[in-house]
2 protein chains.
Amino acid sequence: VLIVGELLNSTRKAVKEALQAKDEATIRSLAREQVEAGADILDVNTATSMEREIDDLKWVIGLIHDEVGEVRLAIDTPDPKAMAAGLELCRARPVINSINNDPRLQQALIPVAKRYDADIIGLAMGGKRGMPSTVEERLEQAEQLINALEDAGVGLHRLFIDPIVMPVASSPDQGRAVIDAVREIKKRYGSRGVKTTVGLSNVSFGLPSRSLLNQAFLAMLVEAGLDMAVINPTDEGMKDMLRASEAILGIDAHCLKYVRHIRSKKG
Amino acid sequence: VLIVGELLNSTRKAVKEALQAKDEATIRSLAREQVEAGADILDVNTATSMEREIDDLKWVIGLIHDEVGEVRLAIDTPDPKAMAAGLELCRARPVINSINNDPRLQQALIPVAKRYDADIIGLAMGGKRGMPSTVEERLEQAEQLINALEDAGVGLHRLFIDPIVMPVASSPDQGRAVIDAVREIKKRYGSRGVKTTVGLSNVSFGLPSRSLLNQAFLAMLVEAGLDMAVINPTDEGMKDMLRASEAILGIDAHCLKYVRHIRSKKG
């Protein structure tokens, strides 16, 4: 399971303030901490900088490269211009975060995705149907997105479908719906290369001890076939649960990664 | 998910010694701790006492009742005579731990099960086929057991099938096989009342930080439809994961049990 580190996001107060103050040290340490904690990809979002979004995005990407070298980046923006500017600077295969069933967004982003051979997070929402609520709506949105990308000539092995995680505190059926959607997407489209991803921590919004709920959800999603998760990689409990889940499922054959992880904690 | 507390088992050194020394305090405190930790049922095993098994079983059951009152008990013995003696003393619906596809064991235990209207843990093993290795072997054993009990007039709502948990350290595919077996047993026989149970902690045998692996496995099994688990209820991480799993899946609607659990830890 690929880990996308979620901490370099301008909706977080510390990052927003660091962008405003051009505080290099904060950005550098968030990049380093996440990579050292095992993030495979770093999400970068400067969207709250508004008209300075592109300048800030370039500045952050430069700092990341300077601090940790050639790490993969997920460019996290609703603005196609910012997306193109961000992808241009990536040194390893970039991730587009995100596309959905909005035709105009697709029209703007698909050529960019193809130019950079980027991986794509495809949200199972948008278009006429808006946000999905049931498993069926998630699967309809996923199918629509898969068809659109395939018609546009995007290789489906580049696509990570995100079935849209919503808080269980407000809708108790949303955890089950996302798990079932991941399982069914993998079953229907996995052989054609389609993968799955989630913005996991949204599930626990509004509840106490959020990491515990995120851990339970992570174990279930890994079992259902999840390929990638946008999480806080410095949350030790989450990494414990990921390594333990891979050991239980035989993904981590002979539990080598698990045992190494446990030893590194004690050492 | 029903929790069967596993600590009053004579294969554990502390219990074996307490039985030998007739050490009431140890037995009483193991009973009280497990009930206070949320065990719904207490497993009682005195099998290592050999020819004194029945006497010790009666003694332990008496102490439990005296200490915590009318708790449910799972009588855990391979000996039908000890089983009958134990069930006779139960004050709340007993659990037979366990029956399997051995015809002689079935012949001896089914009349006792019916007399006390006991719940039954049915191991998916025994008979001609021995121990199961694959999902398919587990499902064959489960079907054979279901048919035998139904033919004998046992209500299937009394049956908890145990698909046999084996250590992932030696066989990496065993975790996945048990999860798939639980899901399939519930799908095939759930509407007829058949339930599932596991002796969970066997999965992590031989590996470090066993509770972490047990927690990941528990979350996955609850998602697959598990009804009962034989665990150490005083393992705080396991209870955290159980409550979090129920909240994620909407079993604990509006997360009331979860929030109460978290508050009780902080209080």
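Lettering of chains follows the sequences in order, A, B, ..., and the numbering in each one begins at 1.
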With the side chain counted from C-beta on, respond yes when [X] and [Y] share a heavy-atom pair under 4.5 Å apart, and no when they do not.
X: B:Met220; Y: A:Met220; value: no
X: A:Gln215; Y: B:Asp240; value: no
X: A:Tyr258; Y: B:Ser209; value: yes

Task: From SG (B:Cys255) to CG (A:Leu213), nearest 0.5 Å - done: 7.0 Å
Task: Spatial distance of atom CG (B:Leu221) from atom CD1 (A:Ile248) [nearest 0.5 Å] - done: 8.5 Å
Open item on the list: Between B:Leu207 and chain A, with a heavy-atom cut-off of 4.5 Å, which part of the residue counts as in contact: side chain, backbone, both or neither?
Closed with: side chain
Open item on the list: If I measure from the heavy atoms of chain A, does B:Ile179 come under 4.5 Å with its side chain, its backbone, both, or neither?
Closed with: side chain
Open item on the list: Minimum heavy-atom separation for A:Pro208 and B:Ile262, please, with both atom names.
Closed with: CB-CG2, 4.0 Å
TODO: Considering non-hydrogen atoms only, spot the tightest contact between A:Ala216 and B:Ala219 and give its length.
DONE: O-CB, 3.9 Å
- [ ] Indicate yes or no for a side-chain donor-acceptor contact from A:Arg176 to the backbone of B:Glu223 under 3.5 Å, with no hydrogens or angles considered.
- [x] yes
Open item on the list: Atom NZ of residue position B:Lys186 - does it have more than 12 heavy atoms of other residues, nucleotides or ligands inside 6.0 Å?
Closed with: yes
- [ ] Pick whichever of B:Pro172, B:Ala169, B:Ser171, B:Gly175 has the most heavy-atom pairs under 4.5 Å with chain A.
- [x] B:Pro172
